[in-house]
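Have a look at the structure below, then the notes.
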Amino acid sequence: MTPFEEQVYGICRRVPEGKVTTYKAIAGALGIKAYQAVGQALHKNPFAPNVPCHRVVNADGSIGGFAGGIKKKMEILRSEGIIIKAGKISKDQMITSFSPSPLHPRG
DNA sequence: CCGATGACGCGCC
DNA sequence: GGGCGCGCCATCG
């Protein structure tokens with residue numbers, strides 16, 4: 001486990017149900033620009049489904065990737081209430097900015 | 001440090 | 001929406 005991954009998982013769990021975020025947003029929240037590294041961390045995601053890695057999509061709204069298969073990811077998102085149109089998600093459902101609070105929301 | 005990899009992002013057609 | 005190329009950064013070997 002790397003301190004970087006810890007960060008990624010921490011941000012990912014900040015995503016509420018019915019909402020999705022982007023790799024860019026997570027990396028940005030950490031103060032870095034390793035969008036790809038964020039994905040790789042989620043790919044490892046040992047805290048699933050504790051960590052809703054499936055609620056992370058591309059910055060343009062496309063699904064992105066998933067260790068269980070893109071189809072599966074869509075199914076989960078749809079089940080959460082996410083509306084996927086033309087294979088993309090509306091920005092209204094995206095969280096492009098996270099709170100600077102270092103506290104854990106799980107409380 | 002070097003080389004290779006990747007669930008990315010952006011620009012262009 | 002789909003395809004292509006380049007740049008970016010952390011991880012792994």
Side-chain angles (χ1 to χ4, degrees):
Chain A
M1 181 66 70
T2 69
F4 171 77
E5 291 171 7
E6 288 274 6
Q7 291 279 51
V8 177
Y9 304 136
I11 303 293
C12 188
R13 58 188 298 125
R14 291 170 66 76
V15 182
E17 182 177 301
K19 296 278 292 185
V20 296
T21 188
T22 71
Y23 302 93
K24 183 179 177 66
I26 297 175
L30 301 180
I32 63 174
K33 296 189 297 187
Y35 318 117
Q36 293 191 316
V38 174
Q40 288 186 132
L42 294 175
H43 176 70
K44 291 168 55 63
N45 181 23
F47 300 111
N50 241 353
V51 174
C53 53
H54 58 263
R55 296 188 192 142
V56 186
V57 299
N58 280 321
D60 64 291
S62 55
I63 303 302
F66 192 60
I70 310 300
K71 302 295 295 184
K72 193 66 180 178
K73 185 171 180 176
M74 290 197 203
E75 185 180 342
I76 299 172
L77 290 171
R78 286 175 52 73
S79 182
E80 297 259 342
I82 302 299
I83 306 302
I84 303 176
K85 190 70 59 174
K88 296 214 312 185
I89 298 175
S90 180
K91 295 180 182 177
D92 295 308
Q93 304 175 115
M94 295 184 187
I95 301 176
T96 54
S97 66
F98 285 92
S99 298
S101 301
L103 275 65
H104 289 221
R106 187 167 54 79

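Letters go in sequence order (proteins before strands), and every chain restarts at 1.
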> When hydrophobic residues are tied together by side-chain contacts of less than 4.5 Å, even through go-betweens, does A:F98 share a cluster with A:L42?
Replying inline: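 In one cluster: yes.
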>> Just to verify, what does A:Y35 make a ring pair (Phe, Tyr, Trp, His ring centres under 6.0 Å) with, not counting sequence neighbours?
In response: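 Per chain and number, A:Y35 pairs via ring pair (Phe, Tyr, Trp, His ring centres under 6.0 Å) with no residue.
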>> A:I82 vs A:V20, test: side chain to side chain contact (heavy atoms under 4.5 Å, CB included). Steps then yes/no.
In response: CA-CA 8 Å; A:I82 302 299; A:V20 296; 3.7 Å; yes
>> Quick check for you: name the first and last nucleotides of DNA chain C, 5' to 3', having an atom under 4.0 Å from a heavy atom of chain A.
In response: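 Range of nucleotides within reach of chain A: C:dG1 to C:dT11.
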Minimal non-hydrogen separation, [X] against [Y], with atom names:
X	Y	result
A:V56	A:T22	CG1-C, 4.0 Å
A:M94	A:K19	O-NZ, 3.9 Å
A:Y9	A:N45	OH-N, 3.4 Å
A:T21	A:A25	OG1-CB, 3.4 Å

>> Heavy-atom nearest nucleotide on DNA chain C for A:I32 versus A:K85: which residue maps closer to 5'?
In response: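 Here A:K85 is the residue nearer the 5' end.
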> So what does A:F66 hit on the nucleic acid, given a heavy-atom distance under 4.0 Å: a base, only sugar-phosphate, or nothing?
Replying inline: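 Base contact.
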> With both distances kept under 3.5 Å, what pairs with C:dC4, Watson-Crick or G-U wobble?
Replying inline: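 With both distances under 3.5 Å, C:dC4 matches B:dG11.
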> Between A:R14 and A:S99, is there a donor-acceptor pair closer than 3.5 Å when you use the side chain of the first and the backbone of the second?
Replying inline: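 Yes, the answer is positive, given that a donor and an acceptor are paired below the 3.5 Å cut-off.
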> Mind checking which nucleotides bracket the chain A contacts on DNA chain B, 5' to 3', with an atom under 4.0 Å from a heavy atom?
Replying inline: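 Answer, 5' to 3': B:dT5 to B:dC10.
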